Amino acid sequence: MKAVKFRAWDRDQRAFVAFSFDDLASMASFWGTQGRRETGTFTFDQYTGLNDKHGKEIYHQDILREDLRRLYIAAWFDHGWALQEVGSPHGGYRHFKDAQFMEVIGTTHEQPEVVQR
């Protein structure tokens, strides 16, 4: 069973901050069907359950690099995780299991310009 984890991005501080849920009820109040939830100045990103090729945990909105040219965003679509290719004219998608062979190079929070490609 995968761990249910989140990370918190403070939009005012423009940084990830430490946090924890006190109990299951408080965690459930932040749960979003899109894998991401916003409250106050915080955005919570859900852990996908997969790690990249270096063992780093992959969260919603992480930017992954397949090779020197192709970048993907970890995202939730309909009923599952997928990899959306950045800058693809056709909105290219990859099976999420391919993420374990890629490298997390940042997040869309820290590098929003990547999504604008």
Side-chain angles (χ1 to χ4, degrees):
M1 185 169 143
K2 80 170 185 164
V4 177
K5 299 182 198 178
F6 294 85
R7 65 181 179 196
W9 174 256
D10 185 325
R11 292 186 302 277
D12 289 344
Q13 299 295 319
R14 299 204 39 77
F16 286 103
V17 296
F19 82 101
S20 64
F21 291 109
D22 296 329
D23 55 31
L24 188 57
S26 64
M27 183 175 74
S29 70
F30 291 108
W31 185 263
T33 59
Q34 301 303 311
R36 175 177 170 176
R37 187 75 175 196
E38 295 184 5
T39 182
T41 64
F42 298 99
T43 298
F44 295 88
D45 294 328
Q46 183 180 354
Y47 173 52
T48 64
L50 281 182
N51 297 353
D52 75 358
K53 67 181 183 179
H54 300 296
K56 185 173 182 175
E57 293 177 340
I58 302 171
Y59 285 80
H60 184 255
Q61 295 299 307
D62 275 351
I63 303 166
L64 295 104
R65 179 174 50 208
E66 178 181 32
D67 53 36
L68 296 177
R69 297 182 325 264
R70 291 188 214 150
L71 297 177
Y72 295 87
I73 306 293
W76 181 265
F77 291 97
D78 295 326
H79 302 290
W81 294 104
L83 295 168
Q84 181 177 16
E85 188 172 359
V86 174
S88 171
H90 305 293
Y93 294 91
R94 294 276 301 269
H95 191 279
F96 195 71
K97 294 234 181 221
D98 292 342
Q100 63 191 330
F101 304 109
M102 298 180 187
E103 175 182 21
V104 173
I105 61 166
T107 75
T108 59
H109 304 299
E110 298 166 314
Q111 301 168 331
E113 68 279 0
V114 171
V115 180
Q116 308 307 326
R117 286 182 170 200

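What you see is a predicted model, and the numbers here were worked out from it, not measured in a lab.
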Let me confirm one number: the [atom1]-[atom2] distance from [X] to [Y], rounded to the nearest 0.5 Å.
X      : Y      : atom1 : atom2 : result
Glu103 : Arg65  : CD    : CZ    : 4.5 Å
Asp10  : His109 : CG    : NE2   : 11.5 Å
Gln100 : Leu64  : CD    : CG    : 11.5 Å

Under 3.5 Å: donor-acceptor pair, side chain of His95, backbone of Lys97: yes
Closest contact, heavy atoms only, Pro112 versus Arg14: CD-NH2, 4.4 Å
[X] versus [Y]: any side-chain heavy-atom pair under 4.5 Å?
X      : Y      : value
Met102 : Asp52  : no
Thr108 : Val114 : no
Asp62  : Ile73  : no
Gln61  : Thr43  : no
Arg7   : Thr107 : yes
Tyr59  : Lys5   : yes
Phe42  : Trp9   : no

Audit row: Tyr47, Phe6, side chain to side chain contact (heavy atoms under 4.5 Å, CB included) steps and yes/no: CA-CA 6 Å; Tyr47 173 52; Phe6 294 85; over 6 Å; no
SB check Glu66 Arg94 (cutoff 4.0 Å): yes
Transitive ILVMFWY side-chain link Ile58 to Phe16, under 4.5 Å: no
Among Asn51, Val104, Leu50, the one residue meeting side-chain contact (heavy atoms from CB on, under 4.5 Å) with Glu57: Asn51
